[in-house]
There are 2 protein chains.
Amino acid sequence: MRPTVHDIAAAAGVSLATVDRVLNLRPGVRTVTREKVEKAIERIGYIRDVAAANLAKSRIYPLVFILPAGDNSFMRGLEAEIRAAIERSAFERTQISIVTVPAFDAPALQAALEEAHAIRPAGIAVVAVDSPEVAASVNRLRDDGIPVVTLVSDLSGSNRDHFAGVDNTAAGRTAGNLMGRFLGERPGPVAVLAGSMLVRDHRERLEGFRAVLDAEFPGRTILPVLEGHDDPTEAERLVRGALETHPDIAGIYSLGAGNRGLITALKTSPSKPCVIAHELTPHTRRALQDSLIDAVLNQDAGHEVRSAIRVLKAKADGLAVIGAQERIRIDIFLKDNLPFDEARTPREDL
Amino acid sequence: MRPTVHDIAAAAGVSLATVDRVLNLRPGVRTVTREKVEKAIERIGYIRDVAAANLAKSRIYPLVFILPAGDNSFMRGLEAEIRAAIERSAFERTQISIVTVPAFDAPALQAALEEAHAIRPAGIAVVAVDSPEVAASVNRLRDDGIPVVTLVSDLSGSNRDHFAGVDNTAAGRTAGNLMGRFLGERPGPVAVLAGSMLVRDHRERLEGFRAVLDAEFPGRTILPVLEGHDDPTEAERLVRGALETHPDIAGIYSLGAGNRGLITALKTSPSKPCVIAHELTPHTRRALQDSLIDAVLNQDAGHEVRSAIRVLKAKADGLAVIGAQERIRIDIFLKDNLPFDEARTPREDL
DNA sequence: GAATTTTTGATGTACGTAAATCAGAAATTA
DNA sequence: TAATTTCTGATTTACGTACATCAAAAATTC
């Protein structure tokens with residue numbers, strides 16, 4: 001049988017009340033007694049029964065998710081996953097609220113963080129805009145004992161507890177490797193469509209992509225980055241322009257959102273470049289099936305949300321997390337390994 | 001506040017004892033009363049607090065994992081993940097035992113299943129050999145109320161509760177697509193190294209690989225399958241022989257284990273075929289880094305084990321599972337997106 | 001050494017559910 | 001209707017922890 005608080009009391013030769021004081025960091029215990037109890041805990045290998053503790057505390061975890069607003073299929077899919085988690089909140093003792101802020105807007109994000117801080121939740125998950133002010137807000141939260149997890153896009157210079165997202169440099173490198181191999185001997189430059197260099201995930205993807213192409217496929221030119229701000233209309237205009245200016249474009253790497261616009265532009269393009277994009281949405285899925293896109297690198301939003309919740313709860317309780325379980329993988333989808341469409345998939349009209 | 005059993009009792013106008021009888025399917029309740037209680041449960045939206053219930057029951061879940069013995073890096077990695085889960089059993093209320101049986105041996109597997117049946121565990125996870133006798137044993141377990149999850153390799157003609165593994169047909173298709181694209185215009189046939197056609201995962205991978213190569217890359221010949229029984233020595237001999245008989249081999253698809261032998265053969269081969277293999281082990285990882293292997297399709301053994309445990313526990317309690325969470329993904333590793341090596345990785349000497 | 005403060009023990013209640021017992025009520029059978 | 005069987009209610013204990021209260025013991029201060 002697993003040892004209980006009673007066993008600690010017996011082993012340490014103290015009362016249950018004293019054990020409780022030690023375990024829950026309550027005052028009124030002499031250092032010698034505290035050490036005696038701690039040694040007994042160590043000795044008998046006591047592990048707190050979190051389920052029982054949560055029951056006794058009637059613990060619930062109020063969590064806040066902050067993510068960009070706007071017409072972005074991936075982000076709306078992410079939001080849908082958060083809503084799915086809300087459905088499960090009765091089981092998971094969570095109480096989740098969603099806050100949306102304008103995309104790529106550091107001051108707005110900072111304001112949202114401050115507002116969330118005031119509520120004093122058990123934890124905050126945030127799709128970060130990489131800026132010092134945002135990092136400062138996050139650090140204040142941490143100093144105040146509120147765990148923070150960055151979601152999808154990480155935050156430099158902050159002591160956030162965890163990043164629930166993929167290794168974006170590796171994703172970019174993978175895209176570079178696939179692009180280089182898929183193109184083979186085909187001549188022509190490669191275009192890159194990004195959302196904004198203000199978010200770290202986009203910067204890292206670009207960096208990885210560039211590194212591999214430069215190192216392993218020299219002679220392949222990369223055109224100046226097109227910044228489409230994850231907006232389909234802007235993306236379409238930029239891609240159309242690039243394809244007109246450089247009719248010999250051999251490949252396009254779309255490392256952000258706004259793929260709907262990219263796809264529209266591709267449909268009317270006279271040439272057929274090799275296209276690698278990010279995030280599996282209804283649009284990229286169809287384009288993959290129609291061979292307009294050759295490969296899609298994906299991060300599973302559901303996994304990211306569930307991971308963020310697990311980590312926030314664990315951090316709130318001061319518990320360890322299973323590192324391997326929380327590593328978010330980069331999925332590579334070709335048209336041959338598309339997962340079955342599910343009800344969970346964001347709606348077609350998004 | 002979430003409704004409790006007391007609320008049901010009040011709402012149905014019955015006593016707590018009757019609610020308990022209904023909830024836990026105990027006898028001694030008239031049909032009319034039972035229906036009254038069930039309607040009240042429905043009406044107030046009661047959800048059983050599993051944590052509290054498990055606490056009251058002092059519930060533990062005895063689980064049995066059955067997997068092939070032998071010198072197979074992937075299977076030993078799987079076993080390591082099961083041992084990691086055993087480490088967590090105090091937290092997860094599980095009590096896991098591991099049984100190993102000779103590989104590709106249906107009678108031995110059946111015997112192991114019958115033995116596990118006798119213990120009457122809360123659930124069984126099994127790496128299946130695809131045979132009618134094994135399916136019959138599994139069906140008997142199910143009829144007896146013991147949930148069964150197939151792990152890594154599925155079982156035809158059984159009513160196992162769940163399959164914790166990847167879509168192997170899709171994996172084979174993906175391999176075919178990558179092979180076709182990576183080879184480009186390079187001439188020469190493709191060799192396939194498998195473990196055994198007795199396991200469904202290998203059959204499915206081959207089928208998917210063939211389908212894509214035939215459909216999308218016609219003109220590419222596939223040599224007769226080499227069956228290496230997941231044994232490094234045998235694999236090496238077979239690959240060496242094939243490379244000698246067909247010096248023009250352009251690609252090799254290794255869809256089973258025994259990759260150590262394949263790699264040894266590759267090192268001394270005068271030609272450099274494009275190689276796609278399965279499962280990231282210390283050996284395939286190094287071969288990938290050394291560019292002896294071009295791509296590795298991987299299933300995360302840790303995810304599979306954790307998923308199997310979650311599903312078995314849920315089934316034992318008659319609860320629903322989050323489908324999306326339990327879908328095991330096919331990881332595609334190129335040398336550019338290798339995950340960091342971790343302590344969890346199977347030891348080098350395996 | 002008395003008065004004070006700090007530390008410890010003993011005890012009870014609570015969380016939400018499970019499970020058991022026993023008495024009493026209702027339904028069924030004779 | 002009486003005797004029997006079947007249901008139902010009331011109550012208690014338990015799971016492992018949290019948390020509060022009050023008394024008693026020990027340590028500290030003056």
Side-chain angles (χ1 to χ4, degrees), chain A residues 1-38 40-41 44-61 89-93 95 122 313 316-319, chain B residues 1-38 40-41 44-61 89-93 95 122 313 316-319:
Chain A
M1 282 301 288
R2 190 172 149 179
T4 73
V5 282
H6 295 84
D7 300 319
I8 304 175
V14 300
S15 77
L16 218 54
T18 303
V19 173
D20 178 67
R21 290 182 184 111
V22 173
L23 278 176
N24 295 295
L25 308 173
R26 276 184 251 280
V29 184
R30 267 189 306 166
T31 312
V32 275
T33 316
R34 162 158 285 128
E35 279 166 358
K36 202 163 61 175
V37 173
E38 278 162 354
I41 291 174
I44 65 174
Y46 168 82
I47 315 166
R48 186 194 242 109
D49 185 328
V50 185
N54 282 343
L55 177 62
K57 280 190 284 198
S58 305
R59 179 87 149 106
I60 52 158
Y61 300 83
S89 48
F91 295 95
E92 302 182 345
R93 297 179 175 275
Q95 191 177 29
K313 285 172 73 173
D317 291 337
L319 295 176
Chain B
M1 281 301 286
R2 191 172 149 179
T4 74
V5 282
H6 294 84
D7 300 318
I8 303 176
V14 300
S15 78
L16 217 55
T18 303
V19 173
D20 179 68
R21 289 180 185 115
V22 173
L23 278 176
N24 295 295
L25 307 174
R26 277 184 250 281
V29 184
R30 267 187 305 166
T31 313
V32 276
T33 316
R34 163 156 284 128
E35 279 166 358
K36 205 163 61 176
V37 173
E38 279 163 353
I41 291 174
I44 66 173
Y46 168 82
I47 315 166
R48 185 194 242 110
D49 184 328
V50 185
N54 282 344
L55 176 62
K57 280 191 285 199
S58 305
R59 179 87 151 106
I60 52 159
Y61 300 83
S89 49
F91 295 96
E92 303 182 346
R93 300 180 173 276
Q95 191 176 29
K313 286 172 73 174
D317 291 337
L319 294 176

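In what follows, chains carry the letters A, B, and so on, assigned in the order in which the sequence lines appear, proteins first and then strands, with residues in each chain numbered from 1. Basis for what follows: all heavy atoms, side chains included, without hydrogens, waters or symmetry-related copies.
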| task | Identify the two heavy atoms, one from Arg21(B) and one from Gly28(B), that lie closest to each other, and give their separation to 0.1 Å. | result | CD-O, 4.2 Å
| Thr4(B) vs Asp7(B) side-chain heavy atoms within contact, under 4.5 Å | yes
| note | When rounded to whole Å, the CZ to C1' distance for the pair Arg34(B) and dA27(C) reads 17 Å
| request: Decide yes or no for Phe91(A) and Ile47(B): does some side-chain heavy atom of the first lie under 4.5 Å from some side-chain heavy atom of the second? | output: yes
| field | Ionic contact status for Arg48(A) with Asp317(A), cut-off 4.0 Å | value | no
| Roughly how many Å is it from CD1 in Ile60(A) to P in dC15(C), rounded to a whole number? | 15 Å
| Reading nucleotides 10-18 of chain D from the 5' end, what letters show protein touch, with B for base, S for backbone sugar-phosphate only, - for no heavy atom under 4.0 Å? | B----BBBS
| Is the closest side-chain heavy-atom distance between Arg93(A) and Leu55(A) below 4.5 Å? | yes
Would you list the protein and nucleotides 23-28 of chain D atom pairs, both N or O, that sit under 3.5 Å from each other?
none

| Would you say the side chain of Thr18(B) lies within less than 4.5 Å of the side chain of Arg30(B), judging by non-hydrogen atoms? | no
| said: I'd like to check Val22(B) versus Thr33(B) (side-chain heavy atoms, cut-off strictly below 4.5 Å). Are they in contact? | reply: no
| said: I want to check something: taking the side chain as every heavy atom from C-beta on, are Asn54(A) and Tyr61(A) in contact at a cut-off of under 4.5 Å? | reply: yes
| query | To the nearest Å, how far apart are Ile41(B) CD1 and dG16(C) C1'? | reply | 14 Å
